[in-house]
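Reading through the structure tokens given below for one structure.
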Amino acid sequence: MANLTFTPRLSRPESGNPYYNTRGNGGYSNAIKGKPTDPGCDVLANCVGYAYGRFNEIGGWGSCKYLSPVNAENFIQYARGLEVGMTPRVGACMVWRKGATLSNADGAGHVAIVEKVVSSTQVLTSESGWNCANPFWTKTRNKGADGNWGAGAGYTFLGFIYNPAPCCGGSDPQSSTATGGVAVPLDGQSYTVKSGDTLGAIAAKYGLHYMTLAKYNNLANPNYLYVGQVIRIPKTEATNDKQTTGDAAWTPQKGDKVIFTGNVHYNTANSDTPLSCKGGLARITIGPFQPGKSKHPYHVVSMEAGCTVYGWVDTDTLQKAD
């Protein structure tokens, strides 16, 4: 059962705490071991291993259910549908990149967990760090005029990933009772996962985009399925996000999370040269740009592994993801 009361973590994790130990050491985590490795919590010292464990410990899920132990600066790309924003909330994961955008050749970034929100410009965090003698610390972070929340030179703040735990004011998107305690009914069609199935292959059977199925089934990780899992298939009219949301007049805007359904993008808003890419969950960073004039009025950036869009795209390749 998910935690209903938030308790700040102000001291290092207890030895043997499963959220901070690898599966081979009796824990829930699939993160790499820290450096230096803490014998009682072997994913420490490491900001990724710590934040991954703490984010899930807050929810009390009994597993590392959310996020993924990738490079710190890639956490937002692996948020898997969780809400992301720039305003602090308790339980949220703070994400910084190091150097160039998502290029770990110049550093892997940093992540930390918000334990207290003092004000809109000050938080108390719990953290760890790779190759640090101390595997745990707390830190008061101020937003500052640069909005960088006290990060060192070369780091850039990317945002907060909000915790879906009820104790953080969220609603577990993977819970079958996330809609007011009533199980979500089937629409008359379902598919039971067999060995070798992928969500993309299942979606293709029904003429759907795989992210439509991921969203409809509240799948935090569309790349993970298990044999015997039941995938609900939406009715035909539910495949159109404008109809599903009841917002037929939806116009994509900067900051919107979208499902990019195309397979090409462009270097500029008016380029005639398409470049191949793969669809999936993405975010609009510019747009609409020069409405009625630009050939490709939206600039979008991938938010998940497997999706490679990073450029200008056409309006009809975007579906609402929120």
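Atoms considered below: every heavy atom in the structure, side chains included; atoms not considered: hydrogens, waters and symmetry mates. In this text the structure is predicted, and so the values were computed from the model without any measurement.
Between Asp256 and Leu318 the shortest side-chain heavy-atom distance does not fall below 4.5 Å. Looking at heavy atoms from C-beta onward, Ser29 lies out of side-chain contact with Asn21 at the 4.5 angstrom threshold. By the 4.5 Å heavy-atom criterion applied to side chains, Asn30 and Pro69 are counted as neighbours. A heavy-atom distance below 4.5 Å is found between the side chains of Ile161 and Val95. Looking at heavy atoms from C-beta onward, Cys307 lies out of side-chain contact with Leu281 at the 4.5 angstrom threshold. Under the 4.5 Å side-chain criterion, counting only non-hydrogen atoms from C-beta, Pro13 is not in contact with Tyr19. The shortest side-chain heavy-atom distance between Lys33 and Thr22 falls under the 4.5 Å cut-off. Taking the side chain as every heavy atom from C-beta outward, Asn56 and Ser63 never approach each other to under 4.5 Å.
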**OP:** For ring-ring contact (aromatic ring centres under 6.0 Å, His included), just list the numbers for Trp312 and Tyr298, CA-CA rounded to whole Å, side-chain angles, deciding distance to a tenth of an Å, and then say yes or no.
**Re:** CA-CA 5 Å; Trp312 295 88; Tyr298 292 95; 8.7 Å; no

Original post:
Is there a ring-ring contact (aromatic ring centres under 6.0 Å, His included) between Phe289 and His296 once you walk through the steps?
Top reply: CA-CA 8 Å; Phe289 178 69; His296 324 293; over 10 Å; no

**OP:** Go through the steps to decide whether Leu82 and Leu67 satisfy the test side chain to side chain contact (heavy atoms under 4.5 Å, CB included), and finish with yes or no.
**Re:** CA-CA 9 Å; Leu82 296 180; Leu67 304 182; 4.1 Å; yes

**OP:** Could you walk me through whether Ile32 and Asn46 pass side chain to side chain contact (heavy atoms under 4.5 Å, CB included), step by step?
**Re:** CA-CA 9 Å; Ile32 63 172; Asn46 186 1; 3.9 Å; yes

**OP:** Show your reasoning for whether side chain to side chain contact (heavy atoms under 4.5 Å, CB included) applies to Val258 and Gln319.
**Re:** CA-CA 5 Å; Val258 296; Gln319 294 181 359; over 6 Å; no

**OP:** Take Glu57 and Asn17 through the side chain to side chain contact (heavy atoms under 4.5 Å, CB included) test and state the conclusion after the steps.
**Re:** CA-CA 9 Å; Glu57 180 188 42; Asn17 186 318; 2.9 Å; yes

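Of the options Arg89, Met94, Lys116, a side chain to side chain contact (heavy atoms under 4.5 Å, CB included) to Val123 is made by Met94 and by none of the others. Among Tyr155, Trp149, Phe75, Phe157, the single residue meeting the ring-ring contact (aromatic ring centres under 6.0 Å, His included) criterion with Trp96 is Phe157.
Cluster membership check: Val90 shares its hydrophobic cluster with Ile58, using side-chain heavy-atom separations under 4.5 Å among Ile, Leu, Val, Met, Phe, Trp and Tyr. Criterion: ILVMFWY side-chain heavy atoms under 4.5 Å apart, direct or through other members. Under it, Trp130 and Val111 are not part of a common hydrophobic cluster. Criterion: ILVMFWY side-chain heavy atoms under 4.5 Å apart, direct or through other members. Under it, Trp61 and Phe6 are part of a common hydrophobic cluster. Using a 4.5 Å cut-off between side-chain heavy atoms of Ile, Leu, Val, Met, Phe, Trp and Tyr, with links allowed through other members, Val117 and Met86 fall into the same hydrophobic cluster.
A distance-only check finds a donor-acceptor pair linking the side chain of Ser128 to the backbone of Pro135 [under 3.5 Å]. In this structure a side-chain-to-backbone donor-acceptor pair under 3.5 Å is missing from Ser68 to Tyr78. Judged by distance alone, with hydrogens and angles left aside, the side-chain atoms of Asn163 form a donor-acceptor pair with the main-chain N or O of Ala165 at under 3.5 Å.
A donor-acceptor contact closer than 3.5 angstrom is absent between the side chains of Gln77 and Asn74. Between the side chains of His110 and Glu73, no donor-acceptor pair of N or O atoms lies under 3.5 Å.
Using a cut-off of 4.0 Å between Lys/Arg side-chain N and Asp/Glu carboxylate O, Arg54 and Glu115 are scored as salt-bridged. Comment: Glu14 engages Arg9 in a salt bridge, judged by a side-chain N to carboxylate O separation of less than 4.0 angstrom.
Shown here is Lys278, whose NZ atom has no more than 12 heavy atoms of other residues, nucleotides or ligands within 6.0 Å.
Note that NZ of Lys143 and OG of Ser120 are 6.5 Å apart. Values are rounded to the nearest 0.5 Å.
Every residue meeting the ring pair (Phe, Tyr, Trp, His ring centres under 6.0 Å) condition with Tyr50, not counting sequence neighbours, appears here in chain and number order: Tyr20, Phe136. For the salt bridge (charged side-chain N to carboxylate O under 4.0 Å, His left out) test, no residue two or more places apart in sequence or in another chain qualifies with Arg23.
Ring orientation note: the planes of Phe55 and Tyr66 are nearly perpendicular, at an angle over 60° on the 30°/60° scale.
Identified under the salt bridge (Lys or Arg N to Asp or Glu O under 4.0 Å) test for residues 293-304, with sequence neighbours left out: Arg80-Glu304, Asp272-Lys295.
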